[in-house]
Every structure is written in structure tokens, then in C-alpha cells.
Amino acid sequence: MSYTTGLTMNQAFYQTTKAFPQRTAQLFSKEVYPNDNDGHFTWAQLQERVEKIACGLMTLGIEPKERIGIIARNSPYWTQADIAIVNCGAVIVTVFPTLSFNEICYIVNDSESRYLFVGSIDILDRILPEFEKLPGVEKIILMDMNYKSGDPRVISIRDLIKLGEDNFKEIYPQYQKRNKAITADDWATILYTSGTTGQGKGVILTHKSFSSRMDGVYNFFIEAGHGINEEDRVLSFLPLSHIFDRGCSQWMAIWVGASIAYADSTATLLEDLVKYNPTWFSCVPRLYEKIYMTLQQQLAGSAARKKLFDWALKVGGEALQYRMTENGGYNMTHEYDLRAQLPLSLRIKYNLADKLFCKVRGLFGNRFRFAFSASAGIAPDLLKIYYAMGVPVLEGYGLTETTSACIYNPMKAAKPGTIGVTLNGAKVRLAEDGELETAGAGLFIGYLNKPEENEAAFTPDGWFRTGDLAVVDRDGYYRIVDRKKAIICLAIGKNVAPAKIENLFATSLAVEQIFLIGDERNYITALIVPNFTYFMEQFDKQGINYDKSKLVYADVAGANLCVEVGDEFVNQPLLKQMVEEAVQQANKELEGFESVKKYSILTKRFTEDNGQLTPTQKTKKRVILKDYAELIDSLY
């Protein structure tokens with residue numbers, strides 16, 4: 001298929017279905033999603049499903065430009081609903097399924113959503129008791145093929161599809177007319193920002209926002225050494241409610257005809273990488289950290305294996321220098337012949353080390369080509385470890401307001417510690433105070449119902465103020481210092497970037513989460529959440545007693561994790577010693593005023609449930625400062 005620029009989202013979908021009708025479009029577990037096409041849709045089958053959903057929505061009465069909300073975890077139905085809503089000229093409003101009802105209520109009412117797609121019975125049960133607080137919602141569609149509704153307010157997605165089938169002859173000509181009338185300037189979606197320091201804002205993205213971003217990415221990827229096409233497959237894992245996976249995975253796949261595989265759950269990433277064999281996926285730094293830490297934990301049980309792995313990493317690090325480009329990046333493309341560049345003695349050692357690295361790369365499946373990292377900074381040393389093992393993790397930068405990445409590390413010259421260079425079609429500059437500003441491809445058109453915020457968000461000449469402080473090197477690679485609002489201003493007149501300190505704990509086995517304090521104080525302090533799972537394993541292995549009745553478990557991103565322990569747990573000498581060593585090790589890399597002078601070890605994780613994390617796993621500064629005000633004061 002020859003690539004066509006300037007398409008609207010619906011045009012891109014139909015171009016793909018026409019070019020690759022019998023190729024795989026969606027792949028999913030038939031056990032997780034029973035009684036639906038045996039876990040597989042071709043592009044032709046997906047087109048038929050999408051059109052039936054769209055005709056079902058039009059039969060219900062949806063009009064062009066009206067809003068439809070979706071509150072669900074990733075699933076093949078999420079994508080089907082997304083395309084169907086866009087194709088009938090309506091606007092999809094995405095809502096994280098982990099939000100509280102009050103937050104859901106705000107988004108649904110603020111966006112004036114007329115219908116709601118809901119992903120599970122659990123979410124439905126949270127909404128129905130207070131349904132009267134959503135006065136604009138006429139119908140809920142439960143995304144469960146097997147659901148039988150006895151409530152007139154609710155229908156299943158199977159009911160909606162049947163409605164579209166029954167009225168297809170009458171509605172389809174209207175659907176075609178409406179579909180052809182969609183323009184680049186029409187609204188496509190509204191996504192609400194996480195709201196780390198306040199209430200979320202509805203970001204309006206048009207068809208042009210998506211098409212200009214996809215066009216730029218397509219061309220940039222070819223130049224960068226890893227073009228994508230219909231032969232590729234992406235694993236959809238991160239929430240589609242957020243622009244990162246929805247743009248870099250789902251819609252990129254739709255644009256080029258690549259297939260989309262859906263993770264069985266948010267807790268089965270490693271199993272699903274092997275099961276579905278994607279060529280790429282999108283992920284956040286914390287998960288790359290956890291994958292590496294899992295390797296470390298597995299090796300900790302055998303001194304011989306750990307020694308071998310450490311030796312292999314040392315050799316891999318030496319070999320990595322032969323991937324270095326003129327601008328200090330690394331050529332991580334599969335076409336680059338690393339062995340041919342190595343001197344004989346190093347080549348012999350690398351061949352041995354790579355036998356171990358092959359097993360690590362096997363964790364990502366047998367077709368893996370590259371992975372994206374975004375949403376937060378990833379530690380440069382961790383990236384170099386992955387690169388040494390031959391795993392290309394490519395860091396980029398983007399926001400909801402920029403329709404995902406506007407800056408990205410090219411695979412043929414990836415530079416750890418930076419977010420990369422400007423993507424095709426995007427424009428980037430630094431303001432006098434160092435704030436990153438962007439214009440051009442992918443840009444949103446404004447916040448919904450927020451005229452004052454819109455005025456503040458743009459410069460007089462129309463550039464978007466990202467709120468991030470950055471620097472740029474002589475080769476055009478940008479590095480994020482931190483969020484402008486996140487910078488800690490010490491009372492002694494020094495400014496501290498929390499991200500720099502946080503990255504130093506990225507590969508720590510002892511520290512799971514860290515929150516830094518220091519605004520208008522004389523020095524930096526920290527609230528530290530230890531790695532409860534790791535220490536439980538160590539305590540059990542070493543026969544150290546702790547009160548297991550005090551352990552509290554909860555669902556964290558689909559995994560059943562310990563989120564609270566007792567006081568005696570965090571006071572165990574082994575835990576305190578390892579946390580202290582981690583802090584001292586980090587302090588060695590910091591200036592005196594940046595170093596962590598005091599800290600407190602917490603018995604509870606920061607989670608979405610306690611309101612201390614956003615759905616994108618960023619700490620809510622305002623909430624944490626309030627919740628731990630007394631404890632923080634005791635550190636000063």
C-alpha cells in the first residue's frame with residue numbers, strides 16, 4: 001500500500017481495509033473474550049463490525065459532533081467503538097476506568113456525553129446507583145458480548161451490533177453520507193489530562209491533529225531506521241484512555257495496516273509478549289525498570305549466575321561503544337552489524353555474552369523490533385543496559401495536547417538521557433526561561449470549556465506552552481529537566497529537579513516509590529515506599545518474622561500487589577539498611593543542595609485508590625503533601 005498523506009481518521013481506516021481485507025487486524029484471547037470470532041478479526045471483518053456498531057449508534061439517535069464517552073480497559077471492543085464513533089462523525093470522550101465516580105461524573109457532564117460505553121460489570125455497578133448525576137446520558141452500552149440486560153438504561157455491545165444489523169439497510173446510506181462529510185478540522189476526540197496539580201482539562205483533538213502526527217511519524221520512522229507496515233504487529237497494553245497507546249499503538253497500526261494484539265490483562269505483559277509476538281509496543285519507564293529488577297531478583301538466588309550476568313553486561317557495555325554514532329547516540333537498528341565492528345578478542349567474548357542476552361531478548365517474543373518509552377523520563381543507565389543486551393527501547397516526548405510524540409529518539413542514533421530530536425512536521429523551541437514550546441503537526445485546538453486556560457496555554461504567536469523545562473544539545477537532542485511546576489525551590493535560593501533524583505532510584509531493588517519535598521525549606525527530604533514484594537521474599541528466605549496479618553493487598557494495574565504493611569515490617573534492620581544504602585548511593589551522584597538529607601519510610605504505597613497517583617502513575621503532589629503534612633514537618 002502506498003502511503004497517502006492528509007487523510008482523516010475515517011479515510012485512513014477505509015484505505016487500510018481496502019488494501020488488506022484478509023490480513024489480521026485484531027488478535028485477542030478467545031478465553032478472555034469468548035463467543036466472538038475466535039479471537040481474530042481481519043480488516044474486512046473489522047470493517048463489518050465497525051459499520052454495524054456505527055449504524056447501531058445512529059439508530060439510537062447519535063448526531064454528528066455529539067459526544068460519546070468510553071470508560072473501559074483495553075479490549076478489541078475499545079478499538080471497534082473508537083473507530084465506529086469517529087466514522088459516524090461523533091466525538092469520543094475517553095475516561096480512565098480507575099477514576100472515582102466523582103471524577104467520572106465531572107468528565108461525562110463537562111463533555112456533555114450522550115451515550116457511554118462501559119467496559120465491565122464492576123464499572124457499571126459504580127455508575128448505576130448514581131445515574132441521576134449524569135443527566136445528559138441516555139444509554140449505557142456494556143462492552144460484554146454475553147451480558148443480558150434487564151435495565152432499560154443499559155444494553156450490551158451485542159445488542160448494539162444487532163440494532164445496527166436490523167436497521168442496516170435503512171441507516172447505511174446515511175452513515176456513508178455522514179462519513180464522507182467528515183473534514184480534517186472536525187473534532188475527533190476529547191481526552192482529559194491527569195490533573196497532577198488540579199482538575200483535569202478536556203483536550204480537543206481534531207482529525208487533522210491525528211493525521212498530521214501520523215504522517216510525520218510514518219516518514220520519520222523510515223528515516224530513523226525502523227519503518228512500519230502491514231507486516232508489523234503492536235501489543236496494546238497501556239490504557240487506550242491515554243493518548244500514548246492510542247496514538248503510538250492503535251491508530252498507528254490502523255494507519256499502516258499493522259495488526260493489533262490485546263494483552264490478556266495489565267498484569268500479564270511478559271506472558272503476552274511471548275504469546276502474541278509483537279514487533280513493537282509502548283510502555284512506561286517503571287515497567288522497564290520492573291523487567292530489569294525481575295531479572296536481578298531471579299539472578300540473586302545464584303551467585304554463579306549473577307557473576308555470569310554481570311560479566312556479560314560488562315562485555316555488552318564494551319561492545320556498545322562500537323554502536324556509537326558521531327553525535328554520541330547508538331545505532332540500534334537490526335541492520336547494523338555490530339560483530340563486524342568489534343576487535344577479535346571482544347568479538348569472541350561478545351559471542352558468549354550474547355547467548356545470555358538472547359534469552360533476555362526472548363522475553364519480548366521472537367519478532368520484537370523496538371519499544372517506545374514515554375510518559376516520564378527513563379534512567380540513561382537503564383537504557384544503556386537494555387542497549388548492551390540488544391534491546392532497542394526508544395525514548396520520546398509528547399503530551400495529550402500534541403497527539404503523542406513530537407520529539408523522538410531515532411533508532412539509528414538513539415541517545416540515552418535525551419528525549420530525541422524533533423519529529424517530522426512538529427516545531428519545537430525553548431522560551432527564555434527554558435520552557436519547551438511546540439507548534440505544527442499534532443497540536444490540539446484548545447481545552448473544552450476553559451477559555452482562560454486556553455489563553456494561558458498559547459504564546460501570542462500560537463505556540464503551545466508545554467509546562468516542561470528543557471535543554472537542547474548541539475546535535476538538536478532535547479533533554480527534559482522537569483515539569484515547571486515540579487521544580488523544587490529551596491529557601492536557600494537553589495532549584496532542584498525531582499526527576500533527576502528519582503531516576504537514580506530507578507533500578508533500586510529496595511525503593512519502589514519516592515516522593516521529594518523541599519519547597520521553601522532549607523534542604524531536600526523524601527517519603528520512600530520500599531519494595532514490599534522484594535522484602536517479603538527476602539524476609540521469608542532468611543527466616544525474618546513479620547506480622548503477615550498487617551499486609552493489605554489490592555489490584556494495582558491488574559496485578560494483586562501488597563499495598564500496605566505494618567510498622568514492624570519497615571523497621572526491620574535489613575530493609576532500613578538497604579534503603580539507606582540506596583539513598584547514600586544516589587546522594588553520591590548529586591550536588592550537596594540536591595542530596596536527600598532526611599527521609600521517612602512509609603508503610604503504604606502511593607496508589608490511584610488512595611488518590612495519590614494519577615491514572616498515568618504520576619504522583620499527585622498536592623494530595624501527598626496534604627496527606628503527609630505532619631510527617632513532612634517532622635523531617636524539618
Side-chain angles (χ1 to χ4, degrees), residues 9-10 13 17 25-26 28 32-39 41 44-95 97 104 108 111-125 127-128 131 134 136-176 178-179 188-189 240-241 250 254 262:
M9 296 164 79
N10 53 307
F13 172 68
T17 60
Q26 293 184 301
F28 50 92
V32 177
Y33 305 99
N35 306 318
D36 193 25
N37 232 51
D38 208 31
F41 275 81
Q45 290 169 330
L46 180 58
Q47 177 181 327
E48 182 181 349
R49 169 61 61 84
V50 162
E51 288 177 346
K52 287 177 181 176
I53 292 174
C55 287
L57 290 170
M58 289 176 64
T59 303
L60 287 177
I62 195 68
E63 295 292 339
K65 307 185 189 310
E66 289 187 326
R67 292 87 187 257
I68 300 176
I70 182 166
I71 313 170
R73 295 190 183 278
N74 293 20
S75 75
Y77 308 134
W78 208 111
T79 302
Q80 292 166 12
D82 189 3
I83 303 169
I85 293 167
V86 165
N87 276 13
C88 62
V91 180
I92 179 170
V93 178
T94 66
V95 186
I104 290 172
V108 172
S111 64
E112 299 180 310
S113 292
R114 189 175 169 190
Y115 301 103
L116 287 182
F117 281 88
V118 168
S120 67
I121 293 285
D122 290 342
I123 300 171
L124 183 65
D125 287 344
I127 293 173
L128 284 182
F131 188 71
L134 305 172
V137 176
E138 296 178 18
K139 191 79 71 178
I140 294 175
I141 300 116
L142 185 66
M143 299 160 80
D144 183 342
M145 295 296 281
N146 302 304
Y147 178 74
K148 304 289 185 185
S149 177
D151 189 323
R153 298 170 296 180
V154 185
I155 60 172
S156 72
I157 192 165
R158 188 183 291 280
D159 296 331
L160 182 66
I161 293 165
K162 182 70 164 54
L163 195 63
E165 283 178 351
D166 293 345
N167 296 277
F168 196 79
K169 263 189 182 178
E170 178 190 346
I171 298 295
Y172 190 68
Q174 300 171 40
Y175 164 79
Q176 287 182 306
R178 192 181 290 188
N179 188 271
T189 187
L240 286 168
S241 310
Q250 177 188 277
I254 293 168
Y262 298 83

Could you check whether any side-chain heavy atom of [X] comes within less than 4.5 Å of a side-chain heavy atom of [Y], counting everything from C-beta outward?
| X | Y | result |
| --- | --- | --- |
| Leu134 | Leu116 | yes |
| Ser156 | Lys148 | no |
| Ile53 | Ile83 | no |
| Arg49 | Asp36 | yes |
| Leu57 | Ile141 | yes |
| Ile121 | Tyr147 | yes |
| Val95 | Ile70 | no |
| Val118 | Ile127 | yes |

Please check if any side-chain donor atom of [X] sits under 3.5 Å from a side-chain acceptor atom of [Y], or the reverse.
| X | Y | answer |
| --- | --- | --- |
| Asp82 | Thr79 | no |
| Asn10 | Asn87 | no |
| Gln26 | Gln45 | no |

Once side-chain contact (heavy atoms from CB on, under 4.5 Å) is applied, do any residues pair with Glu48, and if so which ones, sequence neighbours excluded?
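If we apply the side-chain contact (heavy atoms from CB on, under 4.5 Å) test to Glu48, skipping adjacent residues, the hits are Lys52.
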
Identify, with sequence neighbours excluded, every residue that meets side-chain contact (heavy atoms from CB on, under 4.5 Å) alongside Glu170.
Asn167, Gln174

Which pair of non-hydrogen atoms, one from [X] and one from [Y], has the smallest distance, and what is that distance?
| X | Y | value |
| --- | --- | --- |
| Ala90 | Ile68 | CB-CD1, 4.4 Å |
| Asn74 | Leu240 | OD1-N, 2.8 Å |
| Ala54 | Tyr175 | CB-CE1, 3.5 Å |
| Val50 | Phe13 | CG2-CZ, 4.1 Å |
| Cys88 | Ile62 | SG-CG2, 4.2 Å |
| Trp78 | Ala72 | NE1-O, 3.4 Å |

Worked verdict on Val91 versus Arg67 for side-chain contact (heavy atoms from CB on, under 4.5 Å):
CA-CA 5 Å; Val91 180; Arg67 292 87 187 257; 4.1 Å; yes

Do the side chain of [X] and the main chain of [Y] share a donor and acceptor less than 3.5 angstrom apart?
| X | Y | answer |
| --- | --- | --- |
| Thr17 | Gln47 | no |
| Asp144 | Asn146 | yes |
| Lys162 | Gly56 | no |
| Arg158 | Met143 | no |

Please report the interatomic distance [atom1]([X]) to [atom2]([Y]), rounded to the nearest 0.5 Å.
| X | Y | atom1 | atom2 | result |
| --- | --- | --- | --- | --- |
| Ile155 | Ile140 | CD1 | CD1 | 10.5 Å |
| Lys169 | Cys55 | NZ | SG | 13.5 Å |
| Ile92 | Ser111 | CD1 | OG | 11.0 Å |
| Leu46 | Gln80 | CG | CD | 6.0 Å |
| Glu138 | Tyr115 | CD | OH | 4.5 Å |
| Ile171 | Thr59 | CD1 | OG1 | 4.0 Å |

List the steps, then state whether side-chain contact (heavy atoms from CB on, under 4.5 Å) holds for Leu60 with Leu163.
CA-CA 9 Å; Leu60 287 177; Leu163 195 63; 3.7 Å; yes

Going through the distances and angles, do Val93 and Thr189 end up as a side-chain contact (heavy atoms from CB on, under 4.5 Å)?
CA-CA 6 Å; Val93 178; Thr189 187; over 6 Å; no

With a 6.0 Å cut-off on the ring centroids, do Tyr33 and Tyr77 count as close?
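Ring centroids of Tyr33 and Tyr77 are less than 6.0 Å from each other.
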
Using the ring pair (Phe, Tyr, Trp, His ring centres under 6.0 Å) criterion, which residues pair with Phe168? Sequence neighbours excluded.
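Scan of Phe168 (ring pair (Phe, Tyr, Trp, His ring centres under 6.0 Å), adjacent residues dropped) gives Tyr172.
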
Walk me through it: do Arg73 and Asp122 pass the test salt bridge (charged side-chain N to carboxylate O under 4.0 Å, His left out)?
CA-CA 12 Å; Arg73 295 190 183 278; Asp122 290 342; over 6 Å; no

